[in-house]
Amino acid sequence: MRIIAIHLLNDYSGSPKVLMQLLKHWSEQQLEIQLYIGNPNKGFLSEIPKINYHYYGYSFARNPLVRFFKLFGSQFWLMLLLILRLKKGDIVYVNTVLPFGAAIAGWIRGCKVIYHLHETSVKPRLLKVFLFGVLKLTAIEIVYVSHFLAQQEPIAKKAHIIHNVLENDFMVQSQKNKNCHKANPVVLMICSLKPYKGIEVFWALAERNPKINFKLVLNATKGEVEAYYKGQKQPKNLILYTTQENTHPFYQEASIILNLSDTQLWVETFGLTILEGMCYGLPAIVPPVGGVVELVENGRNGYLIDSKNIDLISEKLNELISDKALYKKMSDNARAKSGHFSEANFKRKAMLLVSS
């Protein structure tokens, strides 16, 4: 048996990180793994031991029309490659709905096709209908990253709920950091350079709270960040960062972590950066819908607030920063909650996927 894993764009976001965790565990069990990714970008899927790498020529384009043609062109080529290379006993593991060419090839060759579903907010609508149509046609089993996503996208296939988890190394390193009420608080957000991720709201919060330090870590290059914010007067208390391979230093110095996604445009299906922040004892403020509500309990380890309600978010930030007792309670609860998402259960479910 071989596992043929497919992903589109390798970077430092959540979906390639989860696939990396799966591949590492499967390779430790001496399973043969072939990994197909768009191109050799540096990211979580880079240089994993005992993995055979293949690239099929996809690269991201900022222009939506160019991006559309690059996606479909790369998937047509990927489909042809895999039709020639797949064996009937292979497991085709499709990470996110985007690498649909692999699913079609697996279906044609009679392979077991498993989708790892991370998203529900796919635009435009027509593209979502097509991608989920391919999923429904080809998938034998589906892995959901949260109960919310399973309810949002119910599909009549054998389904698994496998929450994103924290690696043991990450948890060990976070335990060395004793989070406390800091004299110079830092509000942290780590996300993509996309308007629907709430980056403008984060900017507005910094402007409204000049005595609080804000740090925004964006999954983008220096040139992309400079181009996006060109001509804007940056608040003195806001620091922008580009893609970071190591986020531990940011969690260590932070006091509070945010997710400000616009729920009208993008619904978070889990929230890995929130979980990582909680592991460091950071209270979180997140949207009131989506998979993040499986992490944050309102008033216990953070707050569920719509990102459009800037006044309330600002009020809660200042409340947490000024009230030491409240902060300690929420910090302790955040760290305790993160302990429920350990690697052991993840590994057990990972093996069930490829052995059933």
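In what follows, every heavy atom counts, from backbone to side chain, and hydrogens, waters and symmetry copies are set aside.
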Out of curiosity, [X] [atom1] to [Y] [atom2], how far, rounded to the nearest 0.5 Å?
X	Y	atom1	atom2	result
Cys279	Phe170	SG	CZ	5.5 Å
Tyr12	Glu245	OH	CD	3.5 Å
Leu275	Leu295	CG	CG	5.5 Å
Ile313	Asp306	CD1	CG	7.5 Å
Leu35	Ile4	CG	CD1	10.0 Å
Ile305	Asp311	CD1	CG	11.0 Å

Query raised in the report: Are Lys324 and Tyr327 in a cation-pi contact, defined as NZ or CZ under 6.0 Å from the six-membered ring centre and within 45° of the axis?
Result: no
Query raised in the report: Is the closest basic N to carboxylate O distance between Lys337 and Glu294 below 4.0 Å?
Result: no
Query raised in the report: Quick one: do Lys308 and Asp262 make a salt bridge, cutoff under 4.0 Å?
Result: yes
Around atom [atom1] of [X], are there more than 12 heavy atoms from other residues, nucleotides or ligands closer than 6.0 Å?
X	atom1	result
Asn184	CG	no
Lys328	NZ	no
Lys123	NZ	yes
Glu47	CD	no
Leu126	CG	no
Lys157	NZ	yes
Tyr53	OH	yes

Are [X] and [Y] joined in one hydrophobic group, where the rule is that I, L, V, M, F, W and Y side chains link up if heavy atoms are under 4.5 Å apart?
X	Y	answer
Leu265	Val267	no
Tyr196	Val225	no
Tyr228	Leu260	yes

Is any side-chain heavy atom of [Y] closer than 4.5 Å to one of [X]?
X	Y	value
Ile257	Tyr251	yes
Leu149	Phe270	no
His25	Arg348	no
Lys42	Asp11	no
Leu218	Ile199	yes
Tyr115	Thr138	yes
Arg62	Phe60	yes

Is a side-chain donor-acceptor pair under 3.5 Å present for [Y] with [X]?
X	Y	value
Ser46	Asn10	yes
Tyr303	Glu297	no
Ser59	Asn39	no
His160	Glu141	yes
Glu268	Trp266	yes
Gln34	Glu32	yes
Ser15	Asn95	no

Would you name the heavy atoms of [X] and [Y] that are closest together and state the gap between them?
X	Y	answer
Trp77	Tyr56	CD1-O, 3.6 Å
Arg67	Tyr58	CG-OH, 3.7 Å
Gln75	Leu8	NE2-CD1, 3.6 Å
Arg208	Ser314	CD-OG, 4.0 Å
Val165	Leu272	O-CD1, 4.0 Å
Lys329	Gly299	NZ-O, 3.7 Å

Proximity of [X] and [Y] rings by center, below 6.0 Å:
X	Y	answer
Phe250	Tyr241	yes
His340	His163	no
Tyr144	His118	no
Phe72	Phe130	yes

Examine distances only and state if a side-chain atom of [X] and a backbone atom of [Y] form a donor-acceptor pair shorter than 3.5 Å.
X	Y	result
Trp203	Pro235	no
Ser331	Gly281	yes
Gln234	Leu238	yes
Asn209	Ile212	no
Asn333	Arg300	yes
Glu224	Thr221	yes
Asn259	Ser261	yes
Asp90	Val92	no
Arg109	Lys88	no

Query raised in the report: Can you tell which of Leu282, Leu320, Ile256 makes a side-chain contact (heavy atoms from CB on, under 4.5 Å) with Met330?
Result: Leu320
Report summary line: From the list Gln173, Gln175, Arg335, side-chain contact (heavy atoms from CB on, under 4.5 Å) with Tyr280 holds only for Gln173
Requested in this report: Show the numbers, then the answer: is there a salt bridge (Lys or Arg N to Asp or Glu O under 4.0 Å) between Lys17 and Glu276?
Outcome: CA-CA 12 Å; Lys17 183 170 187 176; Glu276 289 176 344; 2.4 Å; yes
Query raised in the report: Does the salt bridge (Lys or Arg N to Asp or Glu O under 4.0 Å) test come out yes or no for Glu253 and Lys215, once each step is laid out?
Result: CA-CA 10 Å; Glu253 66 179 359; Lys215 294 194 174 185; 2.5 Å; yes
Requested in this report: Measure up the Phe214 and Phe202 rings against each other and bin them: parallel (under 30°), tilted (30 to 60°), perpendicular (over 60°).
Outcome: perpendicular
**Report entry** Worked check of ring pair (Phe, Tyr, Trp, His ring centres under 6.0 Å) between Trp107 and Phe100
**Finding:** CA-CA 11 Å; Trp107 176 67; Phe100 63 89; over 10 Å; no
Query raised in the report: Can you list the steps and then say if Thr243 with Asn219 is a side chain to side chain donor-acceptor pair (under 3.5 Å)?
Result: CA-CA 4 Å; Thr243 301; Asn219 186 19; 3.2 Å; yes
